[in-house]
There are 2 protein chains.
Amino acid sequence: MTNKKKITIKDIANVLNISAAAVSKALHDDSRISEKTKKAVRQVAKNLNYQPNHLASALRSGKSKLVGVIVPRTNSNFFSSVIQNIEEVLNKKGYNIIITQSNESYKKECDSIDALLFTQVDGIIASMANETVDLSYYEKIKSKGIPLVLFDRGENDLNVDYIGIDDYKSSKIIVEHLVEQGCKRIAHIGGFKRTRIYNNRIKGYIDTLKKYNLPLDQELLIETNLSIENGRKKMLQLLNIKNRPDAVYVAGDYAVLGALQVLNENNIKVPEEIALVGFGNEPFTDMLTPKITSVNQHSEKIGKLAAETFLNHIKKKTVTQELNKQILDAELIVRDSSYKNKTSLK
Amino acid sequence: MTNKKKITIKDIANVLNISAAAVSKALHDDSRISEKTKKAVRQVAKNLNYQPNHLASALRSGKSKLVGVIVPRTNSNFFSSVIQNIEEVLNKKGYNIIITQSNESYKKECDSIDALLFTQVDGIIASMANETVDLSYYEKIKSKGIPLVLFDRGENDLNVDYIGIDDYKSSKIIVEHLVEQGCKRIAHIGGFKRTRIYNNRIKGYIDTLKKYNLPLDQELLIETNLSIENGRKKMLQLLNIKNRPDAVYVAGDYAVLGALQVLNENNIKVPEEIALVGFGNEPFTDMLTPKITSVNQHSEKIGKLAAETFLNHIKKKTVTQELNKQILDAELIVRDSSYKNKTSLK
DNA sequence: TATATTTGCTTAATCGTTTAAGCAAATATA
DNA sequence: TATATTTGCTTAAACGATTAAGCAAATATA
């Protein structure tokens with residue numbers, strides 16, 4: 001029953017009375033092997049149900065054909081979609097991917113990097129944990145000469161390829177949209193400034209407020225990790241200040257969900273009393289009452305670009321990496337939570 | 001800058017003027033190597049920043065220390081949590097995991113299996129795609145003698161280890177809860193019968209209805225894939241029958257979300273007019289208005305058990321696999337959507 | 001003291017593939 | 001016809017670790 005003996009190129013070679021080297025070359029479509037032999041080899045390989053030993057070829061060639069992917073978590077639509085697209089592109093080129101979750105923990109991220117390096121991955125595509133400030137582990141990847149591509153949460157200081165959206169511009173579009181809706185006191189529940197993308201969103205928020213001569217109230221600008229719980233907490237905090245905001249732009253969909261819960265629980269009308277905008281366009285933003293305006297981060301495109309960027313690296317064989325930012329325009333999806341005109345969007 | 005040369009055991013051997021074999025043995029704490037030499041080897045290994053070449057040892061030993069995990073998708077809390085726990089247990093034993101998503105597609109699942117076999121994984125832990133009926137690809141895994149552990153969506157016909165919850169009993173608990181709330185016409189939007197877990201849920205639903213002498217109306221029992229869209233469609237279908245149900249038990253949280261949207265849009269009061277129960281205890285069930293009653297599937301425990309079951313297989317070196325079901329009791333989390341007593345659960 | 005056992009290493013083969021180097025036969029070029 | 005090139009393979013050495021077999025020196029046993 002169990003297919004005991006493993007078939008190797010030697011077995012194929014024996015059948016055809018040629019050398020193992022010839023078989024290897026035939027299977028790789030080497031130009032120095034006759035078409036006739038190639039056909040015969042392929043046929044025998046099929047008959048014997050030959051499966052190449054990936055470990056052997058990886059050892060010999062020094063290429064494992066594995067790519068490591070590190071994400072803060074997989075259970076968000078953004079990351080799972082990015083991963084799916086990375087996989088799609090890389091599978092076509094014969095790569096498999098190893099996914100690891102950092103759970104926003106710096107320690108777990110370091111462990112993941114060690115594990116991936118140990119597995120001899122040919123490259124790493126990563127989005128950093130919220131906690132990560134020390135970049136030495138990422139430097140370790142670079143120093144080993146392993147291609148590193150960052151997306152979404154990246155650090156320019158590393159001088160590696162980066163793919164992400166234009167966070168500054170996204171904030172600008174969001175604030176302008178809220179201004180159009182007649183909002184005058186726009187709050188921002190943002191991520192931590194130390195993370196570049198959140199810093200850019202904060203900058204975009206501040207600059208656009210200035211542009212429209214709106215109050216830049218320090219009470220209205222909050223930094224936090226963007227969990228649901230903190231979304232709730234920070235929204236409550238905003239409700240408790242004397243001069244409440246009439247709009248809240250939250251830099252993450254999970255946090256905006258927490259914020260909405262608090263507003264619903266306190267019977268505050270959204271968007272009439274307080275308009276709400278999230279970030280990430282997670283599917284659930286379209287499922288809540290009211291549906292939440294959010295920003296589509298083009299996860300498909302980011303995933304594809306990340307994979308292609310890695311492939312380019314491999315092709316070019318450039319040892320030196322340099323900062324190469326690919327910035328996409330995000331797209332604001334306006335839904336009920338921020339649309340005050342008479343006719344509902346529903 | 002770039003650490004060009006890779007350090008091998010040979011380099012360590014050269015420094016100490018001993019053979020590579022001695023180094024290998026020293027690093028594996030072989031009893032035939034003197035404590036003195038071991039210490040020296042460890043020290044030099046550290047100094048040179050030696051990283052064992054996983055591919056070489058994997059090739060020689062025939063063990064890749066990689067485990068493949070196949071899930072329908074990673075962006076559900078259930079699967080991502082299972083994965084996280086599998087990873088935790090296996091990492092401790094020196095294994096890394098390769099995660100692949102089938103996206104509920106049979107073809108993608110087959111491709112994943114091929115890719116994992118190609119990568120020479122030491123085992124596969126999987127939850128089947130909705131589409132999967134043909135088990136020949138899973139037989140392929142078995143026939144290669146690679147340990148296979150199934151969870152959640154498994155097929156007894158494969159006669160391999162299986163970890164899941166007691167679906168029949170879960171349905172029983174749900175229906176009894178609804179009966180307690182005074183519901184008389186309980187509908188079930190279920191998964192496809194061909195998938196064992198959904199079949200068991202359907203059976204539990206039917207049997208419990210019988211037990212309480214409730215009508216077993218064919219109009220009230222619907223099979224579907226449990227997407228949000230189908231949750232909407234099937235709920236609409238239920239609303240359009242002459243004698244509407246007063247409770248709907250949906251076999252998946254995404255579908256129950258769609259159902260709730262439809263009820264909200266039609267201003268049908270939940271749970272007063274129609275009570276609603278989901279399955280899976282996805283975090284969003286706790287975030288909607290009203291919060292949805294759902295079933296906790298113990299993803300943490302399932303993940304841990306799956307990993308441990310794989311490890312046991314490796315330890316026992318049993319070539320033959322046999323059906324070994326580990327069934328956990330699920331837990332009903334009662335929330336507003338099905339709780340009709342005066343005092344809200346909020 | 002002679003023999004047996006243990007200790008601490010070395011040598012060399014091996015895992016399955018890739019690949020540089022080489023060589024004879026076939027074909028092209030002069 | 002003589003020489004150069006191309007074609008189609010073979011041989012053998014890697015890749016980096018593990019491991020069976022073996023051997024000399026140290027230690028134990030009789």
Side-chain angles (χ1 to χ4, degrees), chain A residues 3-42 44-45 48-66 94 117-122 144-145, chain B residues 3-42 44-45 48-66 94 117-122 144-145:
Chain A
N3 199 354
K4 286 263 146 100
K5 176 132 172 44
K6 285 209 175 154
I7 304 296
T8 71
I9 49 170
K10 265 196 166 168
D11 298 314
I12 302 177
N14 286 340
V15 170
L16 294 168
N17 247 325
I18 57 175
S19 70
V23 173
S24 172
K25 285 178 185 166
L27 291 172
H28 286 86
D29 210 27
D30 190 296
S31 62
R32 297 286 287 273
I33 300 291
S34 72
E35 209 44 58
K36 193 178 147 194
T37 307
K38 282 183 192 168
K39 257 189 195 138
V41 167
R42 281 193 279 258
V44 174
L48 297 182
N49 190 25
Y50 166 74
Q51 299 286 132
N53 186 322
H54 160 256
L55 295 170
S57 61
L59 172 61
R60 180 60 232 252
S61 63
K63 299 286 139 203
S64 68
K65 287 287 183 172
L66 290 173
L117 292 178
F118 174 70
T119 317
Q120 316 270 120
V121 292
D122 290 345
K144 297 224 170 208
Chain B
N3 197 356
K4 286 263 146 106
K5 177 136 173 44
K6 284 206 175 155
I7 304 297
T8 72
I9 49 171
K10 262 196 168 169
D11 298 314
I12 302 177
N14 285 340
V15 171
L16 293 167
N17 247 325
I18 57 175
S19 71
V23 173
S24 172
K25 285 178 184 166
L27 291 172
H28 286 86
D29 210 27
D30 189 296
S31 62
R32 297 287 286 275
I33 299 291
S34 72
E35 209 43 61
K36 193 178 149 197
T37 307
K38 281 184 194 170
K39 257 190 194 137
V41 166
R42 281 194 278 257
V44 174
L48 298 182
N49 190 27
Y50 166 73
Q51 300 286 131
N53 186 321
H54 160 256
L55 294 171
S57 60
L59 173 60
R60 181 63 230 257
S61 64
K63 299 287 139 206
S64 68
K65 287 286 184 173
L66 290 172
L117 293 178
F118 173 72
T119 318
Q120 317 269 116
V121 293
D122 290 346
K144 297 222 170 210

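Bear in mind that the values here come from a model prediction, so they are computed numbers and not experimental data. In what follows, chains carry the letters A, B, and so on, assigned in the order in which the sequence lines appear, proteins first and then strands, with residues in each chain numbered from 1.
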- If you pin B:S19 and B:A56 to their nearest nucleotides in DNA chain C, which one's is more 5'? B:S19
- OP1 or OP2 of D:dT18 sitting under 4.0 Å from any side-chain N/O of B:S24? yes
- Query: Reckon B:H54 has a side-chain N or O less than 4.0 Å from the OP1 or OP2 of D:dA17?
  - Reply: no
- Message: Need one value for B:L55: base, sugar-phosphate or nothing, where a base atom within 4.0 Å counts as base even if backbone is also close, heavy atoms only.
- Response: nothing
- Message: Can you tell me if A:S34 touches the phosphate of D:dC9, counting only side-chain N or O atoms and a distance under 4.0 Å to OP1 or OP2?
- Response: yes
- Message: Using OP1 and OP2 only, check whether a side-chain N or O of A:S57 sits under 4.0 Å from C:dT17.
- Response: no
- Task: Choose from C:dT18, C:dG16, D:dG8 the nucleotide whose nearest atom is closest to any side-chain atom of A:R32.
- Result: D:dG8
- For D:dA12, the nucleotide meeting Watson-Crick or G-U wobble distances (both under 3.5 Å) is C:dT19
- DNA chain C nearest-nucleotide lookup for B:S61 and B:I33: closer to the 5′ end is B:I33
- Query: Can you tell me the Watson-Crick or wobble partner of C:dT1, both distances under 3.5 angstrom?
  - Reply: D:dA30
- Item | Residue A:I18, side-chain atoms from C-beta onward, closest of D:dA20, D:dG16, D:dT10 | D:dT10
- Message: Can you tell me the base-pairing partner of C:dA24? Count Watson-Crick or G-U wobble geometry only, both distances below 3.5 Å, and say none if there is no partner.
- Response: D:dT7
- Ranking C:dT10, D:dT18, C:dG16 by distance to the side chain of A:T8, first place goes to C:dG16
- Query: Going by heavy atoms in the side chains, are A:V41 and A:L16 under 4.5 Å from each other?
  - Reply: yes
